[in-house]
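When a residue number appears, it is its place in the shown sequence, counting from 1.
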Amino acid sequence: MIGLKQKLDYSDYAAIPDDGCRYEMVEGDLLVTPAPSPLHQRVSKRLQRCLEAYFERRGLGEVFNAPVDVILTPHDVMQPDLVVVIQPTQVSERGIEGAPLMVVEVLSPSTRERDRTIKGRRYSNLGVTHYWLVDPETRRLECYVLQGSQYVLCVEGQGPATITHPHFSELIVPLSDLWL
């Protein structure tokens with residue numbers, strides 16, 4: 001006898017009709033996220049420009065913004081706000097295949113807890129080296145780096161601070177530019 005599928009996989013995810021919602025899949029479970037606010041989008045766009053100036057202008061990698069599928073496993077498909085890829089072979093017709101160098105989540109009231117817990121654990125378990133959390137409400141940026149199988153806070157800043165990232169020579173993020 002054929003049983004019901006216990007976990008969704010990429011083929012199920014790819015079959016979801018385009019209904020304007022933002023879907024992600026974590027360990028085969030489907031998650032739906034409301035559209036981000038203008039503040040969320042503004043902060044994401046400004047940080048994207050900063051990351052592009054560092055990674056793309058130096059030929060170190062490519063920065064993508066949501067919505068783009070990051071296919072980590074057949075049962076884990078995320079749509080982080082920003083993604084930094086340094087291996088061009090990871091970019092396919094479907095999306096980003098495998099763990100990128102960095103993912104950035106801009107926290108929203110509806111995603112704050114999920115981004116900090118469920119998604120953070122999955123990103124670390126699946127080998128995403130750098131995980132950044134941006135909180136527009138508290139005007140805070142937290143940069144984590146993977147050590148072993150867990151993220152460790154590498155650098156953080158709040159308000160008008162300027163962050164210099166220790167793992168990326170000359171990557172400087174003036175936080176006041178994000179909150180304008």
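- Of the possible polar contacts, one joining the Asp9 side chain to the Asp12 backbone as a donor-acceptor pair under 3.5 Å is found.
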- Task: Would you check, one step at a time, whether the test side-chain contact (heavy atoms from CB on, under 4.5 Å) holds for His165 with Tyr54?
- Result: CA-CA 11 Å; His165 198 287; Tyr54 179 79; over 6 Å; no
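- For Glu24 and Arg122, the salt-bridge test fails: no basic side-chain N is under 4.0 Å from an acidic carboxylate O.
- Linking Ile, Leu, Val, Met, Phe, Trp and Tyr residues whenever their side-chain heavy atoms come within less than 4.5 Å places Leu153 and Leu146 in a single cluster.
- Note on Val103: it does not cluster hydrophobically with Leu82, by side-chain heavy-atom contacts below 4.5 Å among ILVMFWY residues.
- Taken from CD1 in Ile163 to SG in Cys143, the straight-line distance is 5.0 Å, to the nearest 0.5 Å.
- A donor-acceptor contact shorter than 3.5 Å is absent between the side chain of His75 and the backbone of Tyr10.
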- Run the side-chain contact (heavy atoms from CB on, under 4.5 Å) check on Tyr123 and Val70 step by step: do they pass? CA-CA 10 Å; Tyr123 287 138; Val70 176; 5.5 Å; no
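- Cluster annotation: Ile86 is connected to Val63 through the hydrophobic network of ILVMFWY side chains, with a link wherever side-chain heavy atoms come within less than 4.5 Å.
- Under the side chain to side chain contact (heavy atoms under 4.5 Å, CB included) rule, Tyr144 has a single partner from Leu133, Val155, Val152, Val128, which is Leu133.
- The environment of CD in Gln150 is sparse: at most 12 heavy-atom neighbours from other residues, nucleotides or ligands sit within 6.0 Å.
- A distance of 10.0 Å separates CD of Gln48 from CD of Gln41, quoted to the nearest 0.5 Å.
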- Item | Audit row: Thr129, Met102, side-chain contact (heavy atoms from CB on, under 4.5 Å) steps and yes/no | CA-CA 6 Å; Thr129 307; Met102 177 192 302; over 6 Å; no
- Kindly indicate, with the supporting measurements, whether the criterion salt bridge (Lys or Arg N to Asp or Glu O under 4.0 Å) is fulfilled by Arg22 and Asp81. CA-CA 11 Å; Arg22 186 169 160 188; Asp81 294 297; 3.6 Å; yes
- Before giving the answer on side-chain contact (heavy atoms from CB on, under 4.5 Å), spell out for Trp132 and Val84 the whole-Å C-alpha distance, their side-chain angles and the decisive distance to 0.1 Å. CA-CA 11 Å; Trp132 289 18; Val84 177; over 6 Å; no
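- Of the inter-residue distances, the one linking Leu8 atom CG with Ile16 atom CD1 reads 7.5 Å to the nearest 0.5 angstrom.
- Here the side chains of Val26 and Arg114 are not in contact, with every heavy-atom distance at 4.5 Å or above.
- Under the 4.5 Å side-chain heavy-atom criterion for ILVMFWY residues, no single connected hydrophobic cluster contains both Val145 and Leu101.
- Between Gln158 and Thr138, some side-chain heavy-atom pair lies under the 4.5 Å cut-off.
- Side-chain contact between Pro166 and Cys154 is present, with heavy atoms from C-beta onward closer than 4.5 Å.
- Using a 4.5 Å cut-off on side-chain heavy atoms (C-beta onward), Pro109 and Glu137 make contact.
- Contact detail for Arg46 and Trp179: the closest heavy-atom pair is NH1-C, 4.0 Å.
- Residue Lys119 forms a salt bridge (charged side-chain N to carboxylate O under 4.0 Å, His left out) with just one option from Glu27, Glu105, Glu113, and that option is Glu105.
- In terms of heavy atoms, Gly120 sits closest to Tyr131 at CA-CE2, 3.6 Å.
- Once rounded to the nearest 0.5 Å, the distance linking CG of Leu31 with OG1 of Thr111 reads 11.0 Å.
- Looking at Asp76 and Arg121, no side-chain N of the basic residue comes within less than 4.0 Å of a carboxylate O on the acidic one, giving no salt bridge.
- In terms of modelled atom types and a separation under 3.5 Å, the side chain of Gln90 and the main chain of Glu97 share a donor-acceptor contact.
- Between Val106 and His40, the shortest heavy-atom distance links the atoms O-NE2, 3.0 Å.
- The distance from the CD1 atom of Ile71 to the CE atom of Met78 is 12.5 Å, given to the nearest 0.5 Å.
- Phe64 and Tyr13 sit in two unconnected hydrophobic clusters of ILVMFWY residues. Membership requires side-chain heavy atoms under 4.5 Å apart, directly or through other members.
- Nearest heavy atoms, Val85 versus Pro100: CG2-CB, 4.2 Å.
- You'll find the side chain of Asp69 stays beyond 4.5 Å of the side chain of Arg94, heavy atoms only.
- The minimum heavy-atom distance between Ser149 and Ser124, with the atom names listed, is O-OG, 3.4 Å.
- Gly61 and Glu56 make their closest contact through O-CG, 3.3 Å (heavy atoms, listed as atom of the first residue, atom of the second, distance).
- How far CZ of Arg57 is from CG of Leu51: 11.5 Å, rounded to the nearest 0.5 Å.
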